[in-house]
Amino acid sequence: LNQVNPRRDINPIKLRGMTTAAAFRKHVGTLGLQPGGALVAVSGGPDSLALLDLLVRSRDAHGQDLVVAHVDHGIHPASADVARQVAALAESYGLVVEIGRLALGIGASETTARAERYAWLEMLRARLGASYIFTGHHGDDQVETVLMRFLAGSGPAGLAGMALINGRVVRPLLPFSRADLIRHLEEAALEAWVDPANWDPRHLRSWLRADLLPVLRARLPKVDASILRTTRQAARDRAAWDALLDVLPGFDFAVEPDGISVAAPSLGAYDSPLAHALILAVARRAGCQLGPARLSRVAGLLQMGTSGTRVPLGGDWIAELAFGRLRLCRKPSGIMPGLLALEGQSGEATWGPWRFRWAPAVTPEHQ
């Protein structure tokens, strides 16, 4: 399950005479990370380079054995050169570097690149047995993310923005601004690669960054602080709903191998607004994204469904009623319709979660 760790307020760090490095060391030591191994996702851009340098300087505070992870998406013509630069920087720190080459091509969208990148990072994390993946998201990214979600019609939980720790992903730069990180790079004499796509107005986030936010800041100098204040308020509300799942009488929240479940009669006893809020909290805990249409499907299932009824929730997620419980779970992958055909005298095949092998053999004698 992609569970969000207990949230904490992400207050912008006021340096007050401290360097960014000193403030980061103090901050990262408060995250409660268990000592072990961690990947540092380094694109070669300013944010991730600053993250890597700050993590190297504060190893004693976070206790992680760092591995540099770079994804060459194969989108920009200079991507191979950037990969070599990242590898050289990692070597200068005495760190191992892992490079993933995806060859997505220049037509790949931001959404595709992000999904493929995180899939590769998670695969690498699991292979290496690392506990965490550090990413370079910072306070300005948080402002852009929340503004994008607001424009897309996100609910209050979406306005909570990115969490400091979400499952295996750790974003220790969220309390810092882009200006803090640029200043640190200058002090450390580090030169970063700037991806032109980050300022290409064809991309929504880039348009917000390059065109809309400068206009808002000129008219409303405190707009970033206002957005982040809204984010903190929404995060506290989201954390409260999440905590409620574990203490509601008769709710009986349970984690299962392929999802989560709750007592359907208890959830169905609440009025619609409260039931909807709880369903959304349950889905968030499971890592399942529910928009208004999918939320209505789950609510309708809860009110009118019978045991064994299922509704699709997008991707490989489903909601079902089973023996008095509402389950949000992933469908088994790779299920083949119909019967499994065993062709030839020997071979093997996959059907749902099972793998079959067959071969000729002598039938044992009956006793």
Side-chain angles (χ1 to χ4, degrees), residues 1-10 13 21 23-45 47-72 86-87 89-91 93-100 102 114-139 141-142 145 160-176 181 235 238-239 242-243 246 255-260 284-288 330:
L1 294 179
N2 182 28
Q3 294 187 25
V4 176
N5 298 53
R7 299 183 66 104
R8 47 179 285 181
D9 284 351
I10 306 173
I13 289 180
F24 181 86
R25 173 189 294 276
K26 182 178 179 181
H27 164 66
V28 79
T30 69
L31 297 183
L33 305 179
Q34 296 301 310
L39 305 183
V40 188
V42 179
S43 68
D47 310 334
S48 61
L49 252 60
L51 171 67
L52 176 59
D53 189 70
L54 290 167
L55 286 169
V56 169
R57 292 169 182 257
S58 58
R59 291 187 218 202
D60 57 325
H62 56 69
Q64 303 300 308
D65 295 322
L66 304 175
V67 174
V68 175
H70 174 78
V71 179
D72 179 355
V86 170
L89 181 61
E91 183 179 350
Y93 288 127
L95 300 178
V96 173
V97 62
E98 297 275 353
I99 297 179
L102 303 182
R114 182 184 185 279
E116 294 290 336
R117 177 171 65 252
Y118 274 93
W120 181 83
L121 287 169
E122 175 55 28
M123 180 181 66
L124 177 63
R125 184 206 63 76
R127 176 166 65 83
L128 298 181
S131 298
Y132 305 108
I133 300 172
F134 287 111
T135 69
H137 298 102
H138 49 71
D141 290 327
Q142 184 80 295
T145 296
M162 297 177 284
L164 274 169
I165 303 175
N166 185 355
R168 302 288 187 177
V169 177
V170 182
R171 304 179 179 98
L173 295 182
L174 281 181
F176 298 85
L181 304 182
R238 174 173 168 163
D242 185 69
D246 299 316
V255 176
E256 301 182 359
D258 57 350
I260 54 85
R284 287 194 300 270
R285 177 81 73 91
C288 174
R330 294 184 184 274

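What you see below is based on every heavy atom in this structure, not just the backbone, and it leaves out hydrogens, waters and symmetry mates. Quick caveat, the model's predicted, so the values are computed rather than measured.
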For the backbone of Glu122 and the side chain of Arg168, can you confirm whether one donor and one acceptor N or O come within less than 3.5 Å of each other? no
Does some side-chain heavy atom of Leu54 sit less than 4.5 Å from a side-chain heavy atom of Leu173? yes
Please round to the nearest 0.5 Å and tell me the distance separating atom CZ of Arg127 and atom CG of Leu39. 9.5 Å
Can you tell me how far the CG atom of Leu128 sits from the CE atom of Met123, to the nearest 0.5 Å? 10.0 Å
With side-chain contact (heavy atoms from CB on, under 4.5 Å) as the test, pick out the partner of Thr135 among Asn166, Val170, Val169. Val169
Does any N or O in the side chain of Ser48 come within less than 3.5 Å of the main-chain N or O of Ser43, such that one atom is a donor and the other an acceptor? yes
To the nearest 0.5 Å, tell me how far Leu121 CG sits from His70 NE2. 11.0 Å
On a heavy-atom basis, which atom in Arg117 and which in Leu102 lie closest, and how many Å separate them? N-CD1, 4.2 Å
Mind listing the closest non-hydrogen atom pair of Ile260 and Ala286 along with its distance? CG1-CB, 3.7 Å
Hey, does the side chain of Tyr132 reach the backbone of Gly36 with a donor-acceptor pair shorter than 3.5 angstrom? no
Does this structure show an ion pair linking Arg57 with Asp53, if we count only N-O contacts that are shorter than 4.0 Å? yes
Looking only at heavy atoms, the pair that brings Leu124 and Ala69 closest together is CD2-CB, 3.8 Å
Any side-chain heavy-atom pair of Asp242 and Arg284 under 4.5 Å: no
Closest non-hydrogen atom pair between Ala50 and Leu181, with its separation: CB-CB, 4.0 Å
Can you tell me how far CZ of Phe176 sits from CG of Leu51, rounded to the nearest 0.5 angstrom? 10.5 Å
Closest non-hydrogen atom pair, Trp120 against Ile99: CZ2-C, 3.7 Å
Quick check: does any side chain N or O of Glu98 sit under 3.5 Å from a backbone N or O of Val71, one acting as donor and the other as acceptor? no
Backbone N or O of Pro172 within a donor-acceptor pair of the His27 side chain at under 3.5 Å? yes
Can you measure from CZ (Phe134) to CD (Gln64) and round to the nearest 0.5 angstrom? 5.0 Å
If you take all heavy atoms of Val42 and Val68, which pair is closest and at what distance? CG2-CG1, 3.8 Å
Using only atom types and a distance under 3.5 Å, with no angle test, would you say the side chain of His138 pairs donor to acceptor with the backbone of Asp47? no
For Arg171, the salt bridge (Lys or Arg N to Asp or Glu O under 4.0 Å) test, sequence neighbours excluded, returns none
Does the side chain of Pro175 come within less than 4.5 Å of Leu164's, by heavy atoms? yes
